[in-house]
Structures are given as structure tokens and as C-alpha cells.
There are 2 protein chains.
Amino acid sequence: MLLLPSPETGVTQEPPFRDRLYADACENILPTLPNDSFDLIVTSPPYADRRRHTYGGIAPDDYVRWFLPLAAELKRVLKPDGSFILNIKERVVDGERHTYVLELIMALRQQGWRWTEEYCWHKKNCYPGKWPNRFRDSWERCLHFTRHKDFKMYQEAVMVPVGEWAGSRLKALSATDKIRDESRAGSGFGKNVSNWVGRDKVYPTNVLHMATEVSNQRHSAAFPVSLPAWFIQLFTREGDLVLDPFMGSGTTAVAARSLCRHYTGIEKEADYCDIARQRLATTAWGSGL
Amino acid sequence: MLLLPSPETGVTQEPPFRDRLYADACENILPTLPNDSFDLIVTSPPYADRRRHTYGGIAPDDYVRWFLPLAAELKRVLKPDGSFILNIKERVVDGERHTYVLELIMALRQQGWRWTEEYCWHKKNCYPGKWPNRFRDSWERCLHFTRHKDFKMYQEAVMVPVGEWAGSRLKALSATDKIRDESRAGSGFGKNVSNWVGRDKVYPTNVLHMATEVSNQRHSAAFPVSLPAWFIQLFTREGDLVLDPFMGSGTTAVAARSLCRHYTGIEKEADYCDIARQRLATTAWGSGL
DNA sequence: GTTCCGCATGAATCGATAG
DNA sequence: ACTATCGATTCATGCGGAA
């Protein structure tokens, strides 16, 4: 956590952006945030030409030019040993995959980011439909960028049990399950964890199996809580600070708070910001574990 | 199948490259093959296979320059409505993913190829190992390129059993499904319902779950027969002709032959070519998977 | 208190039709 | 010609109500 000394008392105090939601465009807010402030940035920006009703839609050919200045700000406000997770998938244009995501990766490297890894999010419940030249798109990229070769990573926090759970390990860790078990006299999930003690655990791979959330949120992006939760556990410790510059209905902030991490959320649509506030109001600190 | 008229008898005959293995480098063989000859090209070039020690090793920075002239030949020998499946994954260089695969995709588009789709091959049993900054790499790209917007695709050949949910749902068709279909399709109400009743197979997605083959062949490639077999069933019919310009131990040829397709294989290492011949000798035409 | 079961919905894409 | 809109197609999941 970044702590600022109070100008009057000289005592360190919380920065004003900690656990705060900004109902404004991130191009307006990011420049106001100080350098090296965040341990992790997790976001799912508007995909090109998608969600055009709420975000106006960026043309695929303009996507890199639109994103690059924001990425420069993100690089500035990220701590040197922090990570930036970008969830994105290119859309089909004229029957073929557009290359703007590939171009974005290379442009971010030109900007000084390191393309450390590409995680594969396998969406078990992808959009239905049938076309003569392709199948349903069932995966998205979670691009992992860092500022330096060395960065913080807490692999033990996301270890999974071996055996029958291996196939659906991440589903087993979905936030919904955890909340449900928590609500049942608090014995559900904790008990399961204690059952796992003594069994062998293994590290996961770079393929994540998670279903999208199709209801409950009035936001069109199907970003499940378990996705930012996984990266938050992997790249931060309790008390760290997580930024989502395209917060939407607050999924990243909810994940952070339930895992005892602080958040900063930016969302230019006031309606979504209100939804996020409501969700956070009913999310107890530390409820996720 | 391409059939050439015999210069002596005038009767059509099999082309000389049908069901043939070439123990030579593909840059030597490809120029000898005629235009528009193959229905499908499936290959896993060096690097995706981690065969670099046997191929002399192409430096990542030289990869596109090395591959591009070969791709031009591949485009020439592929039928206009054929497909080119390139199984590849970029290496980690100096702690980050190298961009040569991204650059290759864009260079192939410059060459006239269409980047129609990117299938995700999820390797259920990936290599073990542990690193401080990344997890095991459990997926590879299967890039789908075509010459034109329209191409051959036989989706019914790779349908998969429907999920467990269907048992309860199809037992009693819901009224709202009918309403929804009716509202959208207008008169298509009865037809839609009858389409679902009795359906036990669905179309797959663009994520393939296949385990790698370990230590079965003396070749180091972890390219399972099921991977080319899936694309062969999807993009060709019986009697069609499949090319693998980096054949290795003959996995693509074995898959083709067992599925009643013809093959042409190119492999510059004579030892691998011998292994491929042995495998093909014990693979019956139409023996299945 | 479990389990079962009905049901709405989703970062989609293509082809035809209209301007 | 070239762009914008619209209808058709399709399947896995979590939630809530019922047994």
C-alpha cells in the first residue's frame, strides 16, 4: 500500500483513491493518480465495436490508437513489480479474425510493457449460434503484462487439489459457491478447505476454466468474479491495491474486497457505477475465503 | 482428388505425390508440386514441436523470414477452397513471450492468407515443471488460414455428445423456449421444437481438449493423432488429399490414412521418415481413430 | 435442508434486405 | 457498389421455486 504523509500532522494516511469508485472516463481520472500506486491492474476494456450501446464502440481499425495513451498511464501508476492483466478477444470482421489485438500486444511492447504471458480463459458456456465457417468462440485471452522481468507472483495462493477436482478446479472456487457456503452457518467452504489439508496440491496451468455469469448483473459483460479473483490471489497479498480502469458493474472491486484487498474502480457510466456501489455494499471484507 | 491424364494412355491416373513421403526439406519438395493440389494442409512446424535441436534451430527473430517463402508455396499448392492449419506456440525468450507468431500471422495476411480462426488446443497433460514467474503452458494455437472467404467445412463430422443438462431439459420442452423462438422466428415455432427433440449431439466449440501423446514415438513431438484427425474430419471428405510439410514421425499421414484420406508427407530427417513409413505400414486404410 | 427442475440469458456471426 | 439494419441460429449455466 502506498501511504502518503499527511501535510498537517506528518502521519501517514490512506491515499484518497483507495477503495474509491470514480464515475468518470478513465482518460480523465488516470492522470490524477500518482506514480507506482497499484499492485495489480485487472480489466476487461470494451472490445472493439462491442457494447456500442453503452460505450459507443471503438472501430477495430482505431482500437490500438485509442488504447495506447491509456496504457501509458496504466504503466505509470502500476508499481514496478506489479502486473497488468488485460482480458480481451478480437472480433470477426468480414469473415476473419481482426488483428487489432495482435497489433496491441506489439504496440504495448513498443511502449515498454513486457508481454510476460498469455493465459487462456476457457468459457465453458459460450455464446450459442451456428455459422457455416466457424464454431462458437469459447475462449478469450488474458494477456499478462509487466513493467520488469521480475514481478510479484504468489503461486501457492492458487494451488489446486489433485485428483477428481482437477477438471473443474476453478469452478469449485467460484465466488458464488464460496458465498453460498459462507451463508450456511459459515461451515461450508472452510470445512472443504480443511478436508483438502493433507492432500497433495498442484500448481495450475495457464488455462482457466470458468463459466461466464449470464444473470444477476445488469451489465452486458460476462466477466465472472472468479476471473479477477484468481489473478488477485496470484499477484497480490492482503491489503494490496487493485485497479480496474474499466470497472463496469464492479466485478473486480467485489473480488478484491472479498479477498481483503483494496480497490480503485473507474467507470464512466454512472448507472454501472451505482450497481458497483450496491454490490460492494453487500460484499463483506474478506467474505471470499 | 487431382487426377492427371497419362501422357501415354490418356487415362487419368493418380498423381505421383499421392500417399507418398518425401525424405527431403520442404523448401526443395514444395516447388515441385502443382498448383491447387491439396484439400488441407496440417502441420506443426519446428518450435511448436520443440524440435529445434534436430532442425538446427531457427532463431525467433528469423522465424517469419524463414517461414514466409514456404507459406507462399503452401498457398500455391492448396486448393482454393482448402484450409491450412498451423499448430504453433511462441517460445519464452528472456522471460516474456516472443512475438514471432503474432508477426507471422500478420505477415501471412500480407501474403494473401485469410486468418479465419484461431482454435485453442488445450493440452490436458502438459509438460511438468515449475518456474517462479509463470505456470506450465497448457495450450497451443491452431491457426486456421484460408485462401478465400468461402471454404469447405464439414461441421457434422465432428459433432460431440450434448451436455448432461439436455437430459432434463429435452424431457419436457419449456413453454418459454417455444415463445421465444416464436417471437423471433415467427412461424418457425414447430420446426424449432422438433429440431431439439431427440437431438443428442451438438457442434463443438473452437477449444479442443486433447491430451498429448507421451513417449509413444521416438520423435519428440507431442502432436497427438487426434489433433490432425479432428481437422481432417472437419475440412476434408474421404478420398481427399492432406499435406504435412513438416511431417515428423508421420502423425498427420497416419491420421489421414486411418480416416480414408490420402496424404503427402515431407520430412527432411531420414530417421523420422523411416518411422513414419513403419507407422503407416501398420495403419490400415479406414481403421479409424 | 437437500435435490430437482424450469427457465432466461449471454463481449456472436452470417446472410439477406433495405437505403 | 457499399453501408446499415434485422432475423435466424444455438447451448451451458446459475438462479429461484418446488418437491
Side-chain angles (χ1 to χ4, degrees), chain A residues 43-55 57-60 63 87-98 101 121-142 168 171 174-177 179-180 183-185 187-188 209-227 246 248-249 251, chain B residues 116-117 149-150 153 155 159-189 191-193 195-196 199-207:
Chain A
T43 198
S44 192
Y47 297 1
D49 232 6
R50 293 289 166 222
R51 286 161 60 175
R52 70 163 72 183
H53 293 295
T54 49
Y55 287 99
I58 304 99
Y63 200 84
N87 167 229
I88 196 167
K89 182 71 185 250
E90 62 277 354
R91 56 161 300 193
V92 173
V93 177
D94 188 33
E96 64 178 331
R97 293 276 166 200
H98 201 283
V101 173
W121 171 26
H122 170 40
K123 300 183 291 183
K124 286 198 66 180
N125 60 337
C126 61
Y127 204 94
K130 184 185 186 307
W131 309 275
N133 54 351
R134 67 185 63 252
F135 290 133
R136 292 169 293 144
D137 190 3
S138 188
W139 67 286
E140 291 188 8
R141 310 176 193 280
C142 291
S168 57
K171 181 186 176 183
S174 79
T176 307
D177 286 345
I179 291 168
R180 270 186 179 175
S183 66
R184 291 175 196 168
S187 60
H209 303 272
M210 295 173 190
T212 60
E213 287 173 359
V214 297
S215 58
N216 211 11
Q217 263 50 267
R218 281 166 290 171
H219 189 261
S220 61
F223 191 96
V225 179
S226 52
L227 191 70
F246 299 98
S249 56
T251 302
Chain B
T116 296
E117 179 59 303
K149 192 171 180 179
D150 291 318
M153 192 177 194
Q155 301 187 354
M159 292 186 82
V160 295
V162 72
E164 295 291 332
W165 57 270
S168 55
R169 168 163 178 174
L170 295 182
K171 195 160 50 185
L173 280 163
S174 69
T176 41
D177 270 348
K178 300 172 189 173
I179 292 169
R180 185 187 179 191
D181 287 335
E182 191 173 36
S183 67
R184 292 201 179 188
S187 61
F189 156 72
K191 185 166 73 78
N192 284 339
V193 173
N195 279 349
W196 277 96
R199 179 178 296 185
D200 57 348
K201 285 185 182 296
V202 297
Y203 295 100
T205 69
N206 61 355
V207 175

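To find a chain, count down the sequence lines: A is the first, B the second, and so on, and within it residues start at 1. Here the structure is a predicted model, which means the values were calculated and not measured.
- One interatomic measurement links the two molecules: CG of A/Asn125 to P of C/dC7, which rounds to 20 Å at whole-angstrom precision.
- Cation-pi geometry between A/Lys123 and A/Trp139 is not satisfied (NZ or CZ under 6.0 Å from the ring centre, within 45° of the ring normal).
- Atoms CE (A/Met210) and P (C/dG10) sit 21 Å apart, rounded to a whole Å.
- The distance between atom CG of B/Asn206 and atom C1' of C/dT13, rounded to the nearest whole Å, is 13 Å.
- Rounded to the nearest 0.5 Å, atoms CG (A/Asn133) and CD (B/Gln155) are 8.0 Å apart.
- Base engagement by A/Gly129 is indicated by at least one non-hydrogen atom pair under 4.0 Å involving a base atom.
- Atom CE of B/Met159 is separated from atom C1' of D/dT10 by 11 Å (rounded to the nearest Å).
- Salt bridge status for A/Asp137 with A/Arg91: absent, with no side-chain N to carboxylate O gap under 4.0 Å.
- The pair B/Lys149-A/Glu96 does not count as a salt bridge, with every side-chain nitrogen at least 4.0 angstrom from each carboxylate oxygen.
- Between the CZ atom of A/Arg91 and the P atom of C/dA12 there is a distance of 10 Å, given to the nearest Å.
- Of the listed nucleotides (C/dA12, C/dT13, D/dA12), C/dT13 has the atom at the smallest distance from the side chain of A/Arg97.
- The SG atom of A/Cys126 sits 7.5 Å away from the CG atom of B/Asn206 when rounded to the nearest 0.5 Å.
- Computed from coordinates, the A/Asp137 CG to D/dT9 C1' distance equals 16 Å when rounded to whole Å.
- Between the CD atom of B/Gln155 and the C1' atom of D/dT10 there is a distance of 12 Å, given to the nearest Å.
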Query - nucleotides 14-19 of chain C: protein proximity per nucleotide (B base, S sugar-phosphate only, - neither; heavy atom, under 4.0 Å) - result: SS----

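- Rounding to the nearest 0.5 Å places CD of A/Glu213 at 10.0 Å from CZ of A/Phe223.
- Straight-line distance from the NZ atom of A/Lys124 to the P atom of D/dA12: 9 Å, rounded to whole Å.
- For the atom pair CD1 of A/Ile58 and CG of A/Asp49, the computed distance is 8.5 Å after rounding to the nearest 0.5 Å.
- For the atom pair A/His98 NE2 and A/Glu90 CD, the distance stands at 10.0 Å (nearest 0.5 Å).
- Remark: A/Thr43 OG1 to A/Ile88 CD1 distance equals 10.0 Å, nearest 0.5 Å.
- In DNA chain D, the stems built from three or more successive Watson-Crick or G-U pairs (distances below 3.5 Å) are C:2-10 with D:11-19, C:12-19 with D:2-9.
- The side chain of A/Tyr127 has C/dG10 as its nearest neighbour among C/dG10, D/dC11, D/dT13.
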